Peer 1: 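Here's a structure for you.
In this text the structure is predicted, and so the values were computed from the model without any measurement. For this chain, numbers begin at 1 and follow the sequence in order.
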Amino acid sequence: MKTLRDVPVGATTKVVKIHGEGAVKRRIMDMGVTKGIDIYVRKVAPLGDPVQVTVRGYELSIRKEDAQMIEVE
């Protein structure tokens with residue numbers, strides 16, 4: 001399983017599935033990260049947390065733990 005954490009900087013990928021449950025999954029989906037959407041990885045902080053991505057035309061910073069719950073192609 002490939003997650004958003006595995007995508008290199010400068011690459012675009014498509015969301016396959018969001019793992020997890022409850023409030024955390026709902027929060028990720030509320031930020032616009034849903035199945036089938038394209039995500040462009042802009043930057044990764046020096047220590048790997050957070051990951052800055054572009055989704056639905058806006059910038060979003062996602063924690064490492066949350067990025068690992070997003071399965072991508």
Side-chain angles (χ1 to χ4, degrees):
M1 177 179 84
K2 183 177 175 185
T3 67
L4 187 57
R5 285 288 299 138
D6 304 322
V7 178
V9 173
T12 301
T13 189
K14 188 177 291 283
V15 176
V16 174
K17 183 177 180 183
I18 299 173
H19 297 275
E21 55 188 60
V24 177
K25 183 176 181 179
R26 166 82 7 235
R27 184 169 47 86
I28 291 172
M29 292 175 72
D30 287 345
M31 291 187 288
V33 180
T34 56
K35 182 179 177 180
I37 205 73
D38 287 332
I39 295 181
Y40 172 72
V41 179
R42 292 185 56 83
K43 304 182 214 178
V44 177
L47 296 177
D49 197 21
V51 179
Q52 185 179 12
V53 298
T54 301
V55 59
R56 297 183 187 260
Y58 70 94
E59 303 298 317
L60 177 65
S61 292
I62 301 177
R63 293 184 303 205
K64 188 172 18 179
E65 297 84 26
D66 294 344
Q68 288 176 328
M69 292 193 299
I70 302 170
E71 183 179 344
V72 296
E73 289 182 343

Peer 1: Would you call T54 and V41 a side-chain contact if the rule is heavy atoms closer than 4.5 Å?
Peer 2: no

Peer 1: Side chains of K14 and K35, heavy atoms from C-beta outward: is any pair under 4.5 Å?
Peer 2: no

Peer 1: Where is the tightest heavy-atom contact between V9 and R42, given as atom of each residue plus distance?
Peer 2: CG1-O, 3.1 Å

Peer 1: Less than 4.5 Å apart, side chain to side chain, heavy atoms only: is that true for M1 and T3?
Peer 2: yes

Peer 1: Distance check, rounded to the nearest 0.5 Å: I39 atom CD1 versus R56 atom CZ?
Peer 2: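 Here the rounded value is 9.5 Å.
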
Peer 1: Kindly compute the distance separating CD (E73) from NZ (K17), expressed to the nearest 0.5 Å.
Peer 2: 15.0 Å

Peer 1: Compare all side-chain heavy atoms of L60 with those of V33 and state whether any distance is below 4.5 angstrom.
Peer 2: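 Touching, per the 4.5 Å side-chain cut-off.
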
Peer 1: State whether the side chain of D49 and the backbone N or O of K64 hold a donor-acceptor pair below 3.5 Å, judged by distance alone.
Peer 2: yes

Peer 1: Do V44 and R5 come within less than 4.5 Å of each other through their side chains, counting heavy atoms only?
Peer 2: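 When only atoms from C-beta onward are counted, R5 and V44 do touch, with a gap below 4.5 Å.
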
Peer 1: First locate atom CD1 of I28, then atom CG of L4, and finally report the distance between them rounded to the nearest 0.5 Å.
Peer 2: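 I28 atom CD1 to L4 atom CG measures 9.5 Å (nearest 0.5 Å).
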
Peer 1: According to a hydrophobic-cluster definition based on side-chain heavy atoms being under 4.5 Å apart (Ile, Leu, Val, Met, Phe, Trp, Tyr only), do I62 and V16 belong together?
Peer 2: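 Looking at the clustering, V16 is in a separate group from I62.
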
Peer 1: Are K2 and E71 within salt-bridge range, i.e. N to O under 4.0 Å?
Peer 2: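 Salt bridge between K2 and E71, a charged N being under 4.0 Å from a carboxylate O: no.
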
Peer 1: Salt bridge check, D30 against R27: does any charged N sit closer than 4.0 Å to a carboxylate O?
Peer 2: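 Salt bridge absent between R27 and D30.
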
Peer 1: Can you check side chain to side chain contact (heavy atoms under 4.5 Å, CB included) on K25 and M69, steps first, answer last?
Peer 2: CA-CA 8 Å; K25 183 176 181 179; M69 292 193 299; over 6 Å; no

Peer 1: Out of curiosity, does Y40 fall in the hydrophobic cluster containing I37 (side-chain heavy atoms, cut-off under 4.5 Å, transitive links)?
Peer 2: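 Different hydrophobic clusters.
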
